[in-house]
Amino acid sequence: MSWKETLNLPATDFPMKADLVRREPVIQARWDAEDLYGSIRRERAGARRFVLHDGPPYANGDIHLGHVLNKVLKDITVRYRTMRGDDAPYVPGWDCHGLPIELEVVKQLGAAAKDTSKVEIRRLCREYAERWLDVQRTSFRRLGCLGDWGRPYATMTPAYEAGVLDVFADLVEKGYVLRGLRPIHWCVQCRTALAEAELEYEDVESPSIHVRFAVRSDGLARVGGEPADVVIWTTTPWTLPANRAVAVHPELPYAVVVHDGPDREQRAIVALPLVAAYLAAVGATDHTVPLVLPGAELVGLRLHHPFLDREVPVVAADYVSADDGTGCVHTAPGHGADDFETGRREGLELACPVDAGGVYTADVGVESLVGVHVFKANEPVLGLLRERGRLAASTRFRHSYPHCWRCKRPVIFRATDQWFVSVDHEDLRARAVAACDDDVAWVPAWGRLRLRGMLLGRPDWCISRQRAWGVPIPAVYCEDCGSVHCTPELVRHARDLVARHGADAWFERDIAELVPAGLRCGCGGARFRRETDIFDVWFESGSSWRSVLTDAHGLQFPADVYLEGHDQHRGWFQSSLLPALAVRGAPPFRTCVTHGFFIDDRGEKLSKSKGGMKELAPQVIFEQIGVDIVRLFLMTGNYFGDVPVSRRLVKPAEDQYRKIRNTFRFLLGGLAGFAPREDHVDVAHLRAPDRWVLQTLDVLAADVERAYEAFEYQRAAALLRDFMDHDLSAFYLDIVKDRLYCAKPGGVDHRSVQTALFRLATVLVKLWAPILVHTCEEAWSALAPFGIEGSVHAATWPHHGSDDRTRLTWMEQLREVRTEIQRLVDPLRKSGEVGSGQDVAVRWNCLDETLAHALSVDAAALIGDDADEGLREILGVAEFVRVNAPEDPAALEGLAPTGREGLQLAVARSQLRRCERCWRRRAEVPEGADALCARCEPFRPHGTAS
RNA sequence: GGGCGACUAGCUCAGUUGGUUAGAGCACGCGCCUGAUAAGCGCGAGGUCAGUGGUUCGAAUCCACUGUCGCCCA
């Protein structure tokens with residue numbers, strides 16, 4: 001007869017096939033319908049608040065894999081903290097202002113852009129940002145991220161803009177804000193200042209020229225008495241009209257080199273280590289060096305500008321190196337950061353004869369250059385140099401050069417009037433470094449060093465931009481004398497206006513409404529015009545703590561965590577730290593967590609020109625792969641560093657997912673007929689393997705918890721995967737199948753397993769829940785018949801105790817033995833001698849005290865009643881017999897050493913008869929067809945012959 | 001060019017403060033089971049821990065240099 005019907009085979013509604021693409025939206029719809037986020041918040045009201053402050057993505061275009069990783073990590077964090085019992089709100093935000101959106105809008109307007117008012121452009125920008133905000137929000141929700149999606153923050157709302165102005169007003173009041181002429185990166189195409197973050201470095205080919213600056217005759221005595229030239233090297237000939245000095249390193253040796261030239265002998269002054277390079281560049285064939293002198297002795301020499309009627313000094317500068325060029329550095333204070341600093345120190349003129357569009361102004365000093373675009377000026381400048389015999393050499397040079405992130409054109413350095421936040425006012429820089437060291441935790445730890453280095457090296461923060469789409473800088477200029485007014489009162493006046501009417505008011509209202517009543521200029525004037533510059537978007541997002549970390553959003557200052565890509569060390573982390581420190585005196589975050597970026601499976605960064613990662617576009621994830629699989633995939637690698645991605649690399653995660661899912665399915669299936677409250681078996685009465693597995697689960701839960709606490713979610717996933725693979729699927733579940741299927745339903749053997757399975761299921765679903773958000777919710781629902789209610793995401797984190805490891809180490813030893821047996825059985829299987837382990841008889845002898853003890857005394861103590869049966873169950877064999885070596889040396893025949901020191905084993909086909917129901921070979925099974933073991937005999941239907 | 005990281009099996013990664021024979025998953029090879037079945041299980045092969053030099057009784061692990069890659073900057 002078929003005994004299958006007399007077994008308790010697994011049964012559950014939890015399907016093997018995930019069908020994530022179809023099922024995830026259904027689960028999300030239920031979360032929405034039941035207002036899961038809102039109800040959790042209400043439930044956690046008054047609990048310890050955990051604030052993760054969302055860094056706002058830019059509301060421009062579809063989301064990509066980078067957004068996915070970032071939002072998933074945030075979601076895991078929020079869900080984990082929530083399960084720990086914290087009140088962990090998540091308020092998503094969007095960065096809405098800025099150049100990319102404005103340029104996109106302007107591009108769409110085409111020729112009409114010129115005739116479109118600023119306010120109209122702003123309106124179009126707002127619509128554009130709103131549209132993408134919605135698109136992105138839909139995608140983020142589809143990723144299963146839990147949050148206050150109905151009430152996000154957006155940097156273009158009046159409340160947010162007012163917050164930016166609050167921060168600015170405080171900075172003005174405390175004296176951090178200054179206005180000045182500075183050379184900054186400038187895009188002549190976009191006609192705007194660019195932040196460091198808006199630059200992209202690309203290789204370009206530039207002219208590479210050596211230019212001779214003649215030493216004025218009264219200085220020749222210091223350089224050998226003969227006419228000589230200081231030779232500089234530059235890749236930007238167009239900046240030569242703005243040259244105001246030549247810098248040398250005071251401690252570097254300089255050589256006077258005499259060499260042959262095209263028409264006459266030349267005497268050139270260059271750094272000694274660079275003489276050979278110089279001679280090669282000018283093509284000299286022989287030379288002498290009559291004089292070497294330190295740079296310090298050159299300082300103060302006066303030089304003739306190569307084509308302008310002016311003299312420029314030789315000055316000292318530390319940054320001059322002997323690595324390239326000539327060691328004599330062309331210095332144009334209006335066109336370079338180092339040059340500017342040098343110029344300020346030496347009192348040089350800050351010349352910048354270039355207008356916003358990149359065209360030379362009349363100040364350039366050469367009639368023929370006026371009106372020429374600097375990108376087309378290199379040839380004319382070279383012409384001037386040639387005419388005057390000042391061009392020593394000219395070639396081309398390939399190097400990395402900054403480009404505008406939006407229009408991709410090369411940028412220039414140009415001196416302009418800008419607004420700055422001083423980084424050194426009231427020791428802000430030093431305080432920021434100290435805060436980095438003492439008040440902020442960094443995950444991974446090297447984030448501290450990174451931000452530290454950036455803070456120490458950074459210049460003052462240029463916060464102004466000459467564009468339309470942003471928060472206006474509230475300042476006015478006197479119409480009579482031109483002086484600027486930007487007081488705390490004026491800023492706060494504007495702040496109130498913006499809070500009520502939005503930032504557009506600044507551009508559309510009458511000037512009288514923008515300034516406090518009765519404002520007078522020092523010159524007596526009372527007529528003003530408004531500043532039209534707007535804030536750097538980094539200043540806006542860096543002020544988010546002011547308007548977002550507030551009660552209005554259910555948040556508070558400071559945030560527990562900022563969690564972003566590690567490009568935000570320089571970006572948002574820094575731009576948030578500085579204003580908060582200046583205004584509030586404290587960092588806005590307690591911990592900064594960073595993740596890495598994606599590279600393709602060849603180790604190269606993903607670039608849009610190569611098609612980005614289309615095979616893993618969010619649409620593909622949503623419609624073909626499933627979010628949970630991708631969430632799992634993202635938790636397999638080390639997301640703190642570079643994350644390699646490709647469709648091919650996701651494959652293993654799909655397999656892993658199926659394994660996890662099926663293990664859940666098996667756990668759930670084994671629970672059929674179990675009523676937790678009534679059928680639950682006390683720990684003390686649990687069978688040995690069941691008691692062991694729950695203890696192991698406790699250890700696992702503690703490890704997983706530590707991993708979550710440390711933001712090492714990939715570690716949590718790895719621990720869980722290993723446990724489900726090795727400890728459950730390959731070991732524990734294998735050994736308990738017999739009791740689960742064949743033991744008397746409702747008996748202790750059966751209920752003991754079910755007690756373990758029930759706890760395994762509920763705990764594992766919880767431990768996975770922050771990562772596999774949908775699958776765990778589905779599994780949680782499948783536990784409904786066993787009294788489980790609600791959402792797993794509203795459930796609380798499992799308790800776990802017991803540090804007693806004796807049972808664990810005991811079982812470890814048994815597993816070693818099990819492995820050794822399997823190793824020996826393998827050849828028997830391949831030869832067809834045995835099928836499963838249930839056909840195997842094992843004889844063993846052990847020379848190792850500890851192991852022998854574990855297999856005998858410990859087994860008796862930990863298994864209880866029938867230790868032999870217990871060992872057979874754990875080891876998965878039909879017979880496990882210790883040979884009586886001392887009294888019967890012949891019994892050692894056939895025993896072989898194993899990988900485990902001291903353990904000797906012999907395996908063979910068991911000669912015992914097999915129980916037809918449970919397939920175990922046992923001594924008591926009688927001969928004949930349909931023979932059953934003693935345990936199974938009661939399942940024989942009445943009237944059936946044995 | 002500078003700062004910060006990374007480099008371990010064909011691929012993706014573990015490897016807690018230096019300490020037995022460097023682990024796992026995928027892929028690969030050989031099998032088992034058919035009572036988790038569009039599942040499950042076992043065994044096996046595969047590594048000069050990027051390279052070179054150093055510290056140490058002992059280095060994948062600490063130090064220096066070199067190479068390749070990434071991020072940030074110049």
Side-chain angles (χ1 to χ4, degrees), chain A residues 2-12 14 16-17 196-197 199 201 319 321 323-324 336-338 399-402 444-454 456-458 565-571 574 594-599 601-606 633 636-638 640-646 648-656 658-659 661-670 706 714-715 718-719 721-722 725-726 729-731 733-734 737-738 740-742 818-819 821-832 834-839 876 899 901 917-919:
Chain A
S2 162
W3 295 101
K4 195 168 171 179
E5 293 106 68
T6 70
L7 302 177
N8 283 303
L9 293 179
T12 174
F14 187 76
M16 179 181 285
K17 187 166 161 33
E196 300 289 351
L199 300 177
Y201 287 80
Y319 54 80
S321 83
D323 293 343
D324 50 22
D338 285 340
H399 63 139
S400 169
Y401 191 85
W446 50 263
R448 167 176 288 122
L449 281 178
R450 204 156 190 244
L451 190 54
R452 221 173 176 281
M454 290 169 179
L456 288 173
R458 71 157 299 151
H566 57 58
D567 57 335
Q568 300 303 334
H569 281 122
R570 172 161 295 269
Q574 201 184 173
T594 54
H595 59 256
F597 287 80
F598 292 109
I599 54 177
D601 54 7
R602 291 192 310 278
E604 310 267 314
K605 70 171 166 181
L606 297 184
F633 164 69
T636 53
N638 173 14
F640 294 127
D642 301 329
V643 182
V645 285
S646 71
R648 177 180 71 81
L649 292 176
V650 174
K651 263 271 189 255
E654 295 178 27
D655 296 338
Q656 285 290 351
R658 270 193 289 274
K659 185 69 177 287
R661 189 176 176 91
N662 272 316
T663 303
F664 272 131
R665 184 170 133 91
F666 186 84
L667 294 175
L668 293 165
R706 266 193 293 279
Q714 79 283 84
R715 186 187 189 81
L719 287 164
R721 251 185 291 128
D722 283 355
D725 265 18
H726 300 136
S729 193
F731 179 61
L733 297 180
D734 196 48
K737 274 175 194 167
D738 173 68
L740 195 58
Y741 298 167
C742 306
R818 190 177 143 105
T819 299
I821 293 172
Q822 284 168 333
R823 199 166 280 158
L824 292 174
V825 167
D826 197 53
L828 265 56
R829 276 205 188 128
K830 284 180 177 159
S831 68
V834 299
S836 77
Q838 289 302 336
D839 296 331
E901 184 78 33
R917 179 167 178 273
C918 69
W919 297 346

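Because the structure is a prediction, the values reported are computed rather than measured. Within every chain, numbering begins at 1; the chains are lettered A, B, ... in the order of the sequence lines, protein sequences first and strands thereafter.
Note on A:Arg715: a side-chain N or O is less than 4.0 Å away from OP1 or OP2 of B:G15. In this model, the phosphate group of B:U37 is not approached by any side-chain N or O of A:Lys17 to a distance below 4.0 Å at OP1 or OP2. Put simply, A:Arg570 has a side-chain N or O that comes within less than 4.0 Å of OP1 or OP2 on B:C73. Under 4.0 angstrom from either OP1 or OP2 of B:G42 there lies no side-chain N or O belonging to A:Arg818.
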Provide a list of protein-nucleic acid N or O atom pairs under 3.5 angstrom, restricted to nucleotides 23-30 of chain B.
unit_1 : atom_1 : unit_2   : atom_2 : d
B:A24  : O3'    : A:His726 : NE2    : 3.2
B:G25  : OP1    : A:His726 : NE2    : 3.3
B:G25  : O2'    : A:Gln656 : NE2    : 2.7
B:C30  : O2     : A:Lys830 : NZ     : 3.0

Protein and nucleotides 62-65 of chain B: nitrogen or oxygen contacts under 3.5 angstrom:
none

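Here the separation of B:G23 from B:G47, taken at their P atoms, is 14 Å to the nearest Å. B:A14 and B:C72 have their C1' atoms separated by 28 Å, given to the nearest Å.
Remark: A:Arg658 pairs with A:Asp655 by the salt bridge (Lys or Arg N to Asp or Glu O under 4.0 Å) rule, at least two apart or across chains. Every residue two or more places apart in sequence or in another chain that forms a side chain to side chain donor-acceptor pair (under 3.5 Å) with A:Gln574 is listed here: A:Arg458. Residues meeting the salt bridge (Lys or Arg N to Asp or Glu O under 4.0 Å) test with A:Arg829, sequence neighbours left out: none. Remark: A:Asp725 pairs with A:Lys659 by the salt bridge (Lys or Arg N to Asp or Glu O under 4.0 Å) rule, at least two apart or across chains. Evaluation of the salt bridge (Lys or Arg N to Asp or Glu O under 4.0 Å) rule for A:Arg452 yields A:Asp437 as partners, not counting sequence neighbours. Scanning for side chain to side chain donor-acceptor pair (under 3.5 Å) contacts around A:Ser836 gives an empty result, with sequence neighbours left out. A:Tyr741 is linked by a ring-ring contact (aromatic ring centres under 6.0 Å, His included) to nothing, counting only residues two or more places apart in sequence or in another chain. Partners of A:Asp826 by side chain to side chain donor-acceptor pair (under 3.5 Å), not counting sequence neighbours, listed by chain and number: A:Lys830. Evaluation of the side chain to side chain donor-acceptor pair (under 3.5 Å) rule for A:Asn8 yields no partner, not counting sequence neighbours.
A stem is defined here as three or more consecutive Watson-Crick or G-U pairs, each with both distances under 3.5 Å; for RNA chain B these stems are B:1-7 with B:67-73, B:10-13 with B:23-26, B:28-32 with B:40-44, B:50-54 with B:62-66.
Stacking between A:Trp919 and B:G35 is shown: the ring centroid lies under 5.5 Å from the centre of the six-membered base ring, and the planes differ by under 30°.
For A:Ala730, counting side-chain heavy atoms from C-beta on, the closest listed nucleotide (B:C11, B:C73, B:C41) is B:C41. Nearest nucleotide to the A:Thr663 side chain, out of B:G70, B:A36, B:G44: B:A36.
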